[in-house]
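Report on the following structure.
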There are 2 protein chains.
Amino acid sequence: MIMKIDSAETHRRLLETAAIVFAEHGFAATTIRMICGRAKVNVAAVNYHFGNKEALYREVLRHVRRCAYEKYPPTYGLTADSTPEERLHAFVRSFLLRTLGDEQNRVFGTLTMREMVEPTGALDMIIEEGIRNLFGELLGIVGTLLGADVDAETVESCSRSIIGQCVFYLFGRPIITRMSPEQKFTKDDIEKISSEIVDFSLNALNGIMSRATRHGTRPSS
Amino acid sequence: MIMKIDSAETHRRLLETAAIVFAEHGFAATTIRMICGRAKVNVAAVNYHFGNKEALYREVLRHVRRCAYEKYPPTYGLTADSTPEERLHAFVRSFLLRTLGDEQNRVFGTLTMREMVEPTGALDMIIEEGIRNLFGELLGIVGTLLGADVDAETVESCSRSIIGQCVFYLFGRPIITRMSPEQKFTKDDIEKISSEIVDFSLNALNGIMSRATRHGTRPSS
DNA sequence: GTACGTTTTAAACGTTTGTTTGATTCCACA
DNA sequence: TGTGGAATCAAACAAACGTTTAAAACGTAC
């Protein structure tokens with residue numbers, strides 16, 4: 001059979017297959033033969049196109065992150081004159097869509113999750129290029145919502161409470177689907193979850209803010 | 001019983017060392033030679049005392065879970081006449097202590113975390129023996145706090161928001177320590193985090209409850 | 001058609017893996 | 001003091017790992 005040699009095609013198929021297999025089994029438990037077997041390329045292809053297994057893994061992380069952020073940027077659905085409440089909603093929704101939205105995004109979510117639990121050295125890259133900016137954005141939104149009477153420490157702990165609710169659905173997905181099989185994480189499910197998180201959080205922020213403005217920063221008994 | 005050589009000592013040292021090494025590297029990346037080297041026992045000891053690597057891993061999971069729950073049960077510090085607010089606080093605090101309290105508990109937290117991200121088959125055991133009861137308890141507390149005017153679905157989503165804040169500090173610990181090196185997760189830190197989570201959550205629950213009792217279950221605005 | 005650089009291929013490389021073996025060491029009991 | 005079963009040990013096992021190799025297959029230029 002006449003097979004036109006297409007280096008870019010092999011490169012692409014290797015990258016996409018590797019993303020799926022790494023997401024399924026993790027870096028250590030994934031073998032090059034698994035990837036090449038599924039991608040239908042020779043075992044030597046990984047070393048020829050990427051150098052070694054670890055370099056392939058780093059390229060995979062960069063690739064899925066770029067795709068995920070292109071599809072669902074943190075400002076997803078926002079307009080220039082959005083309210084702080086709308087910005088919070090967009091932040092939460094885009095986070096969930098980016099990590100759980102569809103099959104490709106779940107690969108990104110799973111790989112990021114794995115890297116957080118078992119850092120392979122690429123975690124610093126993930127923090128510096130993604131997480132730091134993301135959290136800074138959330139700090140800005142929460143700071144605006146809480147107003148000037150609330151100190152920075154409270155803003156930070158509230159931001160952690162909000163992002164915590166989001167990552168729970170990422171990390172807890174295998175458990176949630178086992179305990180509540182009706183939860184399929186469709187886009188409608190994600191819309192609903194986003195609204196619940198925002199509702200819960202805005203109520204919390206309103207309570208904390210009104211207490212601060214009425215009684216100073218002292219916690220009520 | 002007749003103890004020839006000190007078999008129990010080898011068994012114990014193997015179990016404790018394996019817990020640490022599995023927590024550090026994960027199941028797949030941990031080798032039997034790593035464990036035996038650190039435990040200063042022969043490589044054949046694992047197979048002699050536990051059968052194989054996977055059986056050792058399961059025993060490790062059982063062991064660290066038992067130790068963690070013995071040290072910090074979900075009712076940690078509660079009395080018979082505690083208020084729902086105190087029960088929520090005890091729930092949050094005991095969770096954080098159980099998974100982050102000290103070095104031994106962090107091993108439990110890390111292993112559970114790894115099992116959630118990369119189930120090795122022991123996840124079902126973890127859910128049935130631990131998580132299901134734990135979440136049921138939280139549902140009860142939140143249901144009491146919200147009162148009869150709030151539907152079960154809201155109780156569940158609020159419970160997820162609360163447990164989400166807790167697991168964030170477990171899963172996010174490597175990132176938090178990199179971004180905020182002053183956070184050392186001492187017991188004082190955990191007390192503070194617990195109070196922040198409870199404060200945030202009670203404000204949220206109060207807002208949601210008062211809205212429900214005043215305006216029915218319709219969301220405001 | 002021939003030569004040349006690139007890509008693919010099957011095979012083998014040296015390590016390392018989990019596990020097993022057979023001899024040796026140990027100690028309670030006779 | 002000698003015996004026997006339990007525990008330890010060094011050594012080796014086959015299998016699988018990531019990686020390398022050298023040749024074959026391919027497209028492109030002349």
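Numbers restart at 1 for each chain; the letters A, B, ... are given by sequence-line order, proteins then strands. It should be emphasised that the depicted structure is a prediction, and the values quoted were computed from it without experimental measurement.
Listed pair A:T10 / C:dT8 meets the phosphate criterion, a side-chain N or O lying under 4.0 Å from OP1 or OP2. Using a 4.0 Å cut-off, no side-chain N or O of B:H11 falls inside it from OP1 or OP2 of D:dA7. Regarding contacts with the backbone of D:dG18, every side-chain N or O of A:N52 stays at 4.0 angstrom or more from both OP1 and OP2.
Legend: residues meeting side chain to side chain contact (heavy atoms under 4.5 Å, CB included) with A:A68, ordered by chain and number and at least two apart, are A:R98, A:N105, A:F108. Not counting sequence neighbours, B:E137 has no partner by the side chain to side chain donor-acceptor pair (under 3.5 Å) test. B:Y76 pairs by the ring-ring contact (aromatic ring centres under 6.0 Å, His included) definition with B:Y72, not counting sequence neighbours. Shown here are the side chain to side chain contact (heavy atoms under 4.5 Å, CB included) partners of A:T186, two or more places apart in sequence or in another chain: A:K184, A:D188, A:D189.
Residue B:K53 has its side chain nearest to C:dG18 when only C:dT7, D:dT8, C:dG18 are considered.
Non-hydrogen atoms lying under 4.0 Å from DNA chain C are contributed by B:T30, B:T31, B:I32, B:R33, B:A44, all within residues 29-44 of chain B.
If you take NE2 of B:H49 and C1' of D:dA7, they are 7 Å apart, rounded to a whole angstrom. For the pair B:N47 CG and D:dA10 P, the interatomic distance rounds to 16 Å; values are reported in whole Å. Protein atom NE2 of A:H25 is 13 Å distant from nucleotide atom P of D:dG18, rounded to whole Å. For B:F50 and C:dT19, the CZ to P distance is 13 Å, given to the nearest whole Å. In this structure, OH of B:Y48 is placed 5 Å from C1' of D:dA7, rounded to the nearest angstrom.
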Under 3.5 Å donor-acceptor pairs involving side-chain atoms of residues 160-176 of chain A, not counting sequence neighbours:
| from | atom 1 | to | atom 2 | distance (Å) |
| --- | --- | --- | --- | --- |
| A:R160 | NH2 | A:E156 | OE2 | 3.1 |
| A:R160 | NH2 | B:S180 | OG | 3.4 |
| A:S161 | OG | A:S157 | O | 3.3 |
| A:S161 | OG | B:Q165 | OE1 | 2.7 |
| A:Q165 | OE1 | B:S161 | OG | 2.8 |
| A:Q165 | NE2 | A:S161 | O | 3.2 |
| A:Q165 | NE2 | A:S201 | OG | 3.0 |

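Side-chain N/O atoms of B:E115 and B:Y57 include a donor and acceptor closer than 3.5 Å.
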